[in-house]
Participant: 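Here's a structure for you.
For clarity, every value in this text was computed on a predicted model and none was experimentally measured.
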2 protein chains.
Amino acid sequence: MNRLPVAERREQLITAALTVASRDGIEAATVRAVAAEAGVSLGVVHYCFQDKDELLRAMADAITEQNLAVAISTPPLGADVQSLLQVVIENLWRGIRENRGAQLLSYELTTTSLRHPELRGVAVAQYEGSNRAAVATLAYVERAAGVTWVVPREVIARTIVAVVDGFSLAWLVDGDDEAAIRGLRGFAKFLTSLAVPAGDVSVTPLPAPDTVDTAEPDVTSA
Amino acid sequence: MNRLPVAERREQLITAALTVASRDGIEAATVRAVAAEAGVSLGVVHYCFQDKDELLRAMADAITEQNLAVAISTPPLGADVQSLLQVVIENLWRGIRENRGAQLLSYELTTTSLRHPELRGVAVAQYEGSNRAAVATLAYVERAAGVTWVVPREVIARTIVAVVDGFSLAWLVDGDDEAAIRGLRGFAKFLTSLAVPAGDVSVTPLPAPDTVDTAEPDVTSA
DNA sequence: GTCTATAGTTGGATAGAC
DNA sequence: GTCTATCCAACTATAGAC
């Protein structure tokens with residue numbers, strides 16, 4: 001109703017799009033539905049976004065940013081690898097469990113992106129976000145617990161993303177919370193077995209929380 | 001063109017639907033596109049299937065059956081757990097790698113099913129198929145290598161499905177064959193660490209191949 | 001059983017008044 | 001900037017001729 005600067009209007013519409021898409025699925029996030037959710041008329045959306053693809057892309061970017069933002073929250077410090085990984089994984093899991101719709105939307109965005117050339121890049125961006133977050137988390141754990149890994153950090157990061165995605169997907173289907181958390185705990189234990197005390201360097205002092213660029217790897221992306 | 005019994009016509013249309021959906025995505029598998037692919041007219045499809053949902057459901061069932069059928073193929077026998085698991089996982093991976101479209105379709109079916117009440121059950125059926133195949137594979141490995149597991153077989157099965165799904169999804173996005181196979185090999189190694197020699201019972205003689213109801217777990221489902 | 005024709009929806013996108 | 005009105009395309013589904 002009110003006249004807003006385009007930038008703000010865009011934010012509002014992106015939020016509306018996220019609401020609709022998380023709740024009712026990516027298919028339901030039509031231009032019309034988004035306009036209705038935001039309480040504006042159809043024309044407004046087309047005034048702010050060139051076309052539907054641009055809106056979808058903006059929505060995907062918003063998710064990624066959001067995940068990276070969440071990733072800054074600091075987990076409990078100073079503990080052994082085992083419990084540190086446990087906590088990190090469980091925080092991550094809580095975020096997923098409490099946002100079923102968003103998690104499902106993330107997979108919908110991935111598959112949609114993989115099928116439509118005009119959305120090429122969205123899925124890759126999601127994955128890059130996830131991997132960066134996972135790598136940063138690992139770096140954090142390394143410093144906090146004074147360890148390194150017996151395999152390259154990037155390899156572990158990829159595994160984290162894959163395993164969390166896999167268990168999330170299974171949980172989306174059967175809703176078995178117990179099985180999900182059990183699986184993830186087992187995985188944390190496995191990760192622990194890949195850690196070895198950092199040889200030469202003693203435990204590096206922890207940087208201030210906000211210079212650690214993650215805590216919870218983004219798993220919203222594919 | 002020709003007059004076929006309904007049952008055969010259905011098979012033909014399901015095949016056509018699989019072709020279209022694997023190639024162009026689940027969205028592209030419209031009644032019209034399927035009819036065109038099968039070389040029949042629009043009305044024929046509606047004569048064979050009550051509505052589009054029934055067609056989609058039939059398509060999903062066909063995938064599951066197909067996966068279970070593939071799972072009967074016998075892997076190389078008589079080896080240690082490590083190499084046995086290695087081979088099983090690599091066979092599984094080859095099947096995925098060579099059917100990118102079908103694999104992607106599987107995830108599309110899952111998310112679609114999770115969003116549409118009228119397709120409720122499809123995703124669960126996919127997952128049950130995967131799990132049954134994984135459990136059967138584990139049972140096979142147990143007999144072939146004379147081992148049992150330090151955690152319940154069902155838990156391992158769920159983990160297998162999750163991990164394979166996770167790595168598959170990552171591969172669909174970035175196409176990194178090397179990373180995928182590396183990750184899966186690492187996982188096979190991990191599984192090996194969960195195996196212990198079967199204590200009391202000596203190695204049970206292998207049943208005939210076709211009584212072993214799997215070899216490759218279905219990972220097509222979500 | 002198979003075809004054409006058409007009804008009835010839905011959704012993307014634009015034009016033009018205010 | 002925002003609204004209404006409208007166009008156009010694609011799709012599901014059905015009716016009825018052959």
Participant: Can you identify which nucleotide, out of dA13(D), dT2(C), dC11(D), has its nearest atom closest to the Asp51(B) side chain?
Facilitator: dA13(D)
Participant: Determine the sole option in Glu8(B), Glu11(B), Arg9(B) for which the side-chain contact (heavy atoms from CB on, under 4.5 Å) test with Cys48(B) is passed.
Facilitator: Arg9(B)
Participant: Please report the distance, rounded to the nearest Å, between CG in Leu56(B) and C1' in dC11(D).
Facilitator: 14 Å
Participant: Please report the distance, rounded to the nearest Å, between CG in Asp53(B) and P in dA13(D).
Facilitator: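 Rounded to whole Å, this separation is 7 Å.
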Participant: Heavy atoms only, 4.0 Å cut-off, all strands: where does Ser41(B) land among base, sugar-phosphate and nothing?
Facilitator: base
Participant: More 5' along DNA chain D: Arg32(A) or Cys48(A), using each one's nearest nucleotide?
Facilitator: Cys48(A)
Participant: Whether Arg97(A) and Asp177(A) form a salt bridge (side-chain N of Lys/Arg under 4.0 Å from carboxylate O of Asp/Glu) is what I want to check.
Facilitator: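 The answer is yes: the pair qualifies as a salt bridge.
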Participant: For the pair made of NE2 in His116(A) and C1' in dG12(C), what is the distance, rounded to whole Å?
Facilitator: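 About 14 Å, once rounded to whole Å.
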Participant: Starting at atom NZ of Lys52(A), determine the distance to atom C1' of dA10(D), rounded to an integer number of angstrom.
Facilitator: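 Taking atom C1' of dA10(D) as the reference, NZ of Lys52(A) is at 13 Å.
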Participant: Go through the side-chain N and O atoms of Trp171(B) and Asp176(B) and say whether any donor and acceptor fall under 3.5 Å apart.
Facilitator: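 Looking only at side-chain atoms, Asp176(B) and Trp171(B) do not form any donor-acceptor pair under 3.5 Å.
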Participant: Looking only at side-chain atoms of Tyr47(A), point me to the closest of dG12(C), dC3(D), dG1(D).
Facilitator: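 Of the candidates, dG1(D) comes closest.
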Participant: For dT2(C), does OP1 or OP2 lie under 4.0 Å from any side-chain N or O of Arg9(B)?
Facilitator: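 It does, given that an N or O in the side chain of Arg9(B) lies less than 4.0 Å from OP1 or OP2 of dT2(C).
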Participant: What's the CZ-C1' distance between Phe49(B) and dG1(C), to the nearest Å?
Facilitator: 15 Å
Participant: Please give, in whole Å, the distance from dG12(C) C1' to Ile26(A) CD1?
Facilitator: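 Rounding to the nearest Å, CD1 of Ile26(A) and C1' of dG12(C) are 16 Å apart.
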Participant: Want to settle it: does Glu27(A) or Gln50(A) sit nearer the 5' end of DNA chain C, counting the closest nucleotide to each?
Facilitator: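 Result: Glu27(A).
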Participant: Do Arg23(B) and Glu37(B) meet the salt-bridge criterion of a basic N to acidic O distance under 4.0 Å?
Facilitator: yes
Participant: OP1, OP2 of dT14(D) versus side-chain N and O of His46(B): anything below 4.0 Å?
Facilitator: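 Checking dT14(D) against His46(B), no side-chain N or O comes under 4.0 Å of OP1 or OP2.
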Participant: Using whole Å, what does the distance between atom P of nucleotide dT2(C) and atom CG of Leu42(B) come to?
Facilitator: 14 Å
Participant: Side chains of Thr110(A) and Gln126(A): any donor to acceptor distance under 3.5 Å?
Facilitator: yes
Participant: What is the distance from CG of Asp24(A) to C1' of dG11(C), rounded to the nearest Å?
Facilitator: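 About 16 Å, once rounded to whole Å.
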